[in-house]
Amino acid sequence: MNDDLKALIRTIPDFPKPGIQFRDITTLLLDPAGLAATIDRMVAATTGPVDLIAGIEARGFLFAAALAVPLKAGVLLIRKDGKLPGATIAEDYALEYGQDRIAMHEDALVPGQRVLLVDDLIATGGTARAAVRLLRKAGAVVDQAQFVIDLPDLGGADALRAEGVQADALFAFEGH
């Protein structure tokens with residue numbers, strides 16, 4: 001259904017390390033019609049009204065801001081810890097080797113607001129799942145997430161679904 005958009009994604013083999021097939025969205029971003037279609041289709045896939053679009057650093061910010069305008073929602077930034085000024089709340093999550101931490105402003109939302117989580121790609125789902133925990137800790141209702149690309153072999157979208165989040169992507173790439 002979205003093969004036209006999938007064709008705009010460049011694959012870079014062996015980046016950032018051997019064996020990885022990096023799915024590069026910059027070629028999609030350079031195509032005005034493709035970018036517009038991406039946003040239109042993500043808006044159409046959004047269920048119900050949302051108050052805020054939470055974008056995960058950094059490419060998620062692009063899609064969150066673009067979706068927020070037609071959805072008449074605000075944009076909430078999910079950033080690496082230490083990057084936001086002012087008081088924040090944070091959530092730790094596991095990486096392949098070690099841990100990382102994401103944060104948001106502690107006053108970024110009012111408890112009960114509906115938040116749509118957005119990023120360019122879902123792989124293992126570690127960051128997205130941490131973002132859901134962080135948003136819910138702040139009182140948000142998070143029941144849907146949208147991605148441009150899913151790497152289903154890595155299980156991230158399924159992990160989000162197991163936590164009660166409808167996880168949708170415009171298209172998938174098999175493999176890693």
Qualifying salt bridge (Lys or Arg N to Asp or Glu O under 4.0 Å) pairs with a residue from residues 58-67, counting only residues at least two apart or across chains: Arg59-Asp120
Ile20 and Phe15, any side-chain heavy atoms less than 4.5 Å apart: no
Taking only distance into account, with no hydrogens and no angle test, what donor-acceptor pairs under 3.5 Å do side-chain atoms of residues 109-119 form with protein atoms, sequence neighbours excluded?
{"residue": "Gln113", "atom": "OE1", "partner": "Val110", "partner atom": "N", "Å": "2.8"}
{"residue": "Arg114", "atom": "NH1", "partner": "Thr47", "partner atom": "O", "Å": "3.4"}
{"residue": "Arg114", "atom": "NH1", "partner": "Pro49", "partner atom": "O", "Å": "2.5"}
{"residue": "Arg114", "atom": "NH2", "partner": "Asp143", "partner atom": "OD1", "Å": "2.8"}
{"residue": "Arg114", "atom": "NH2", "partner": "Asp143", "partner atom": "OD2", "Å": "3.3"}
{"residue": "Asp119", "atom": "OD1", "partner": "Gly60", "partner atom": "N", "Å": "3.3"}

Side chain to side chain contact (heavy atoms under 4.5 Å, CB included) involving Arg101 - partner list, sequence neighbours excluded: Asp81, Ala90, Asp92
Summary of ring-ring contact (aromatic ring centres under 6.0 Å, His included) pairs that have at least one residue in residues 137-169, sequence neighbours excluded: none
Listed partners of Asp107 passing side chain to side chain contact (heavy atoms under 4.5 Å, CB included), at least two apart: His105
Side chain to side chain contact (heavy atoms under 4.5 Å, CB included) assessment of Arg23 paired with Thr11: CA-CA 5 Å; Arg23 307 305 178 171; Thr11 299; 2.7 Å; yes
Results of side chain to side chain contact (heavy atoms under 4.5 Å, CB included) for Leu30 - residues two or more places apart only: none
Let me check something: any side-chain donor-acceptor pairs from residues 166-173 under 3.5 Å, sequence neighbours excluded? List them with distances.
{"residue": "Gln166", "atom": "NE2", "partner": "Asp168", "partner atom": "OD2", "Å": "2.6"}

With sequence neighbours excluded, residues passing side chain to side chain contact (heavy atoms under 4.5 Å, CB included) with Lys72: none
Test item: Gln146 and Phe63 side chains (from C-beta on) under 4.5 Å apart, heavy atoms: no
Any pair counted as salt bridge (Lys or Arg N to Asp or Glu O under 4.0 Å), so long as it reaches residues 39-56, sequence neighbours left out: Asp4-Arg41
Residues Lys6 and Asp3 bridged, charged N to O under 4.0 Å: no
Fellow cluster residues of Leu77, listed by chain then number, with links counted only when side-chain atoms sit under 4.5 Å apart: Phe61, Val75
Intermediate values then yes/no, side chain to side chain contact (heavy atoms under 4.5 Å, CB included), Leu121 and Val148: CA-CA 6 Å; Leu121 181 139; Val148 178; over 6 Å; no
Residues in side chain to side chain donor-acceptor pair (under 3.5 Å) contact with Lys137, at least two apart in sequence or another chain: Glu91
Any donor-acceptor pair under 3.5 Å from Arg136 side chain to Val142 backbone: yes
Hydrophobic cluster (4.5 angstrom, side-chain heavy atoms) - remaining members for Met1: none
